[in-house]
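Written out below as C-alpha cells is the structure these notes cover.
Below, each value reflects all heavy atoms present in this structure, side chains not excepted, and no hydrogens, waters or symmetry copies. Residue numbers run from 1 in the order of the sequence given.
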Amino acid sequence: MAAWRLWAVLAALRAGWCLLPQAGYLHPDEFFQSPEVMAGDILNLQVYYPWEFHSSSPCRTVVFPLMTSGVTYWVVKSLQQLDICSSCINSYTLLVSPRLLFTIFSFVLDYSVYQLAPSWEADPWKALVLLAGSYVTLVFYTRTFTNTLEGLLFALLLVLVSSNKSDSSSVKPTSSPLIGIVTTAGFFNRPTFLAFALMPLLYWAGLNVDSQKSIKTIINPLLKLITCACFTAVVFITADTLYFTSVGLDNFYSIKKSSLFDVIARLNHKMVVTPLNFLSYNLNPHNLAQHGSHPRVTHFTVNGIMLFGILHILAIGAGFKMLKKYIYQLMRVKSYYRGSPRVFVHSEGNPKLLLFYFVPLAFLSLFSHQEPRFLIPLILPLVLFNTSQNRAMKWKPVIIIFNVLGALVFGWLHQGGLIPCLFHLEHLMHSPGSSNHTRHYTLLFAHTYMPPRSLLNIKKKDTNIEVIDMAGSEEETLCQTVGQQAKNFTCNDCHFFVIIPGTVRATITKCGVLLKNETLIFPHLSMEDPPQISFLFSENWRSQLGLYILQLGRDHQSP
C-alpha cells in the first residue's frame, strides 16, 4: 500500500475511534482541566471544579477551555434550544464533542510534519505514516489535555521558525509576530511550554542573525515578536482576571454590559496571572509531592519508552554516537589545530532535531513529578528524526506491535469501564420511567479514577442525585461509608449504587450489605488495583478485568 493511502486509513481510524468513542480513561486531567469546568459554566450541570479553577487559587487559564470545550458545548446547547436536536445534551455528546474538536486540531501535527519533513531530509509521507500510526497520536491527541494543546502549539512554532528559511537561507521577519503570539499562548496554556520553545526560538534567532546585514534589521523582528507577545499576554490576563474575579461564566458574560471603566477597575483590583500562580505552586517540592514524586530519570528511562518505544531508544543511541564523535573531533582538533571544530556530525543526521527532542526532555526532568503525557509534544521532532535516513524502517514490525498494544491498553482497557458505566447510569437516571416521578440516586465510586460528573448530565438544581467519590479508600473506611448509606434509605424510590473494579469486588461482600442487582462492564483495567495473573487464567477472568455496578437493597445485614 502506498504511504499516502496508509496515512489516509490511519487518519480515518483516528476520527472513527473518536466517534466510537474510545472507552479508555487516561488521566483525570483530560476531563477536569476543560470539559468538566465548561459543562458546569455553560450547560449548568453538576460538576466537580478542580482547585486550579477556584477563584482563591487560579492556576489554569480559562481562554483555551472556552475556545475548545466551551465552544462545542455552546453549539450543542444552541442546537437544543433551537429544537434542531431535542436531546442533544447527553453523555455521548458531552464526551465526544470536545474530543472531536481536538481530533480535528490534531491534524495540525500532520500538516506540520508534511511541511517540515523536506527541510529535515525526511520523506513526508513516511513521516506522516509514522506519526499517524503512533498510539500517542491516536489516543493522546484525541483527548482534551492541555498537553495536547501544548503539542499542537509546539508543532506550529516549529513550522513558523523553519518556514522562514528560504533556499538562500534568508529569514522573513514577517513571521515574528506569529511566533510571539504562539509562544505566549503556549506559556499561558502550560508554562512548561517555554522548555519546548527554547530551542526553536534560538534556532530562529540564529537564522535571523545570519541572514541580516544590519543591527536594525536584526532588532526589528525581535521588537515585533515582543510587542505581539505582550499584547497576547494582556488578552489572556484580562480574560482570566474577569473570569476568576467574576467567579463563573454567568458573571463573566455580564461584563459586556459594564462600562470600560468598570472593567479597568476590576483589573486594577485583582489582576490574575495564571502562569505565575502555576509556577509558584509547582516550584514548591511539597506541592509536587502531593501529586507523586518520581526519580529525575523517569522521563528518560520509563516515560519516553512507554510513549514512543523503539523511537525513543533510537534517538538516545544516535545522541550518544553524536556526542562521542563530537568529543573525539574536539580532542583531535585541539591537539593539532587552533580554532573551533565543527559541532555537528553530518553522518548521523541533523542534530538540531535531537536538540529539539532532548533539551525539553532534560528541562522537564528537573521536576520531581513526571508523567508520560508531559512528553507527548515531543512526538514531532522524534518522528522527523527517525524518518530521516530511514532509521525506523528496519524496526517496522516492532513499531507496529508496540503501537497496536499501546492503543488497545490505553485507548480501550485502561480504566475502560468507567465511561461506559457513566453512560449506563445517565441512561438509567434519565429514562422515561424515572422522569415520571422523583427518584433519589446515590452513586458511590471506589478505587476508580475521578468520575467526571458532567457525563451524568445532572442539572445543578437537581438535588435528588448524590455522587460520592471514595477514591482508593481502605476497606474499613469504605465499608463504614457503604453501611451508613445503606441504612439511610428513607423512601421507596431511593437507589444506591456502588461502582467498584472486579479486583476489589470482594470488599463489598465483606461489608455485609444486601445486593439487589449487579452489572459487569467489560473491559476495565485498573493499574492501581491490578488483577493477579493466576486469576486471569481462571473461569472468573472477566470479573478481574471488569467494573461492577452494584445496586444495594434496603435491608442492612450485620457483618
Side-chain angles (χ1 to χ4, degrees), residues 23-37 39-40 46-54 57 59-60 95 143 145 281 286-294 369 371-373 410 413-426 441-456 458 465-486 488 496-511 513 518-519 521 523-531 543-552:
Y25 184 173
L26 295 174
H27 191 278
D29 283 354
E30 69 175 287
F31 292 102
F32 293 93
Q33 289 182 356
S34 181
E36 186 82 352
V37 176
Q46 286 187 27
V47 298
Y48 175 82
Y49 285 94
W51 64 270
E52 298 101 320
F53 284 91
H54 291 173
S57 56
C59 290
R60 299 284 180 187
L95 173 72
R143 306 296 182 94
F145 284 115
Y281 179 88
H286 298 289
N287 293 334
L288 285 183
Q290 297 177 15
H291 301 275
S293 296
H294 309 91
H369 181 58
E371 296 183 24
R373 61 191 173 91
F410 293 104
L413 277 173
H414 188 259
Q415 293 284 326
L418 189 55
I419 289 175
C421 165
L422 295 171
F423 279 28
H424 175 81
L425 292 172
E426 190 259 354
Y441 292 90
T442 300
L443 311 176
L444 188 148
F445 294 82
H447 292 264
T448 68
Y449 275 4
M450 290 174 60
R453 291 154 175 78
S454 59
L455 296 186
L456 294 170
I458 309 168
I465 301 174
E466 180 185 9
V467 178
I468 303 173
D469 184 10
M470 297 292 293
S473 299
E474 297 293 334
E475 181 178 313
E476 182 179 354
T477 304
L478 179 59
C479 281
Q480 183 179 1
T481 304
V482 170
Q484 186 64 40
Q485 291 292 329
N488 288 342
F496 180 29
F497 295 91
V498 175
I499 296 90
I500 195 166
T503 49
V504 288
R505 160 72 174 78
T507 301
I508 302 301
T509 304
K510 296 178 183 178
C511 295
V513 292
E518 66 179 57
T519 302
I521 296 180
H524 180 89
L525 175 63
S526 174
M527 299 307 296
E528 287 72 26
D529 299 286
S543 66
Q544 293 291 299
L545 288 175
L547 183 71
Y548 278 93
I549 304 176
L550 306 175
Q551 184 176 5
L552 272 60

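Annotation: side chain of I458 is not in contact with side chain of R453 (no heavy-atom distance under 4.5 Å). Using a 4.5 Å cut-off on side-chain heavy atoms (C-beta onward), Y281 and W51 make contact. Using a 4.5 Å heavy-atom threshold, the side chains of L478 and I508 count as touching. I465 places none of its side-chain heavy atoms less than 4.5 Å from the side chain of L456. Counting heavy atoms from C-beta outward, I468 and Q485 have side chains that approach closer than 4.5 Å. Counting only heavy atoms from C-beta outward, the side chains of F31 and L95 approach each other to under 4.5 Å. The closest side-chain heavy-atom distance from S543 to Y548 is below 4.5 Å. Residues H414 and M527 form a side-chain contact, since some pair of their non-hydrogen atoms from C-beta on lies under 4.5 Å apart.
Nearest approach of P501 to H447, heavy atoms of both residues: CG-O, 3.1 Å. Scanning all heavy atoms of the two residues, the minimum distance from C479 to T507 falls at SG-O, 3.8 Å. The two residues I419 and A23 have their closest heavy-atom pair at CD1-O, 3.9 Å. Scanning all heavy atoms of the two residues, the minimum distance from I521 to C421 falls at CD1-CA, 3.3 Å. Contact record, V37 with F53: CG2-CD1, 3.7 Å, taken as the closest heavy-atom pair.
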Requested in this report: Take V513 and V498 through the side-chain contact (heavy atoms from CB on, under 4.5 Å) test and state the conclusion after the steps.
Outcome: CA-CA 11 Å; V513 292; V498 175; over 6 Å; no
Report task. Could you check L425 against Y441 for side-chain contact (heavy atoms from CB on, under 4.5 Å), going step by step and ending with a plain yes or no? Result -> CA-CA 10 Å; L425 292 172; Y441 292 90; over 6 Å; no
Query - CA sep, side-chain torsions, deciding dist, call: H27, Q33, side-chain contact (heavy atoms from CB on, under 4.5 Å) - result: CA-CA 11 Å; H27 191 278; Q33 289 182 356; over 6 Å; no
Query - Worked verdict on Y25 versus E30 for side-chain contact (heavy atoms from CB on, under 4.5 Å) - result: CA-CA 8 Å; Y25 184 173; E30 69 175 287; 3.5 Å; yes
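We find the OG1-CG distance between T503 and L547 to be 9.5 Å, quoted to the nearest 0.5 Å. Remark: D529 CG to R505 CZ distance equals 15.0 Å, nearest 0.5 Å. L552 CG to T442 OG1: the interatomic distance, rounded to the nearest 0.5 Å, is 10.5 Å. Between the CZ atom in F410 and the CZ atom in R373 there is a gap of 13.0 Å [rounded to 0.5 Å]. The CD1 atom of I499 sits 11.0 Å away from atom NE2 of H524, with the distance rounded to the nearest 0.5 Å. Going from atom CD1 of I500 over to atom CE of M470 covers 9.5 Å, rounded to the nearest 0.5 Å.
Side-chain atoms of H54 come within 3.5 Å of backbone N or O of Y49 as a donor-acceptor pair. Between the T448 side chain and the F445 main chain, no donor and acceptor come within less than 3.5 Å of each other. At least one donor-acceptor pair under 3.5 Å links the side chain of E36 to the backbone N or O of Y48.
Other residues, nucleotides and ligands place more than 12 heavy atoms under 6.0 Å from the CD atom of Q551. Environment of CD in Q480: sparse, with no more than 12 heavy atoms of neighbouring residues, nucleotides or ligands closer than 6.0 Å.
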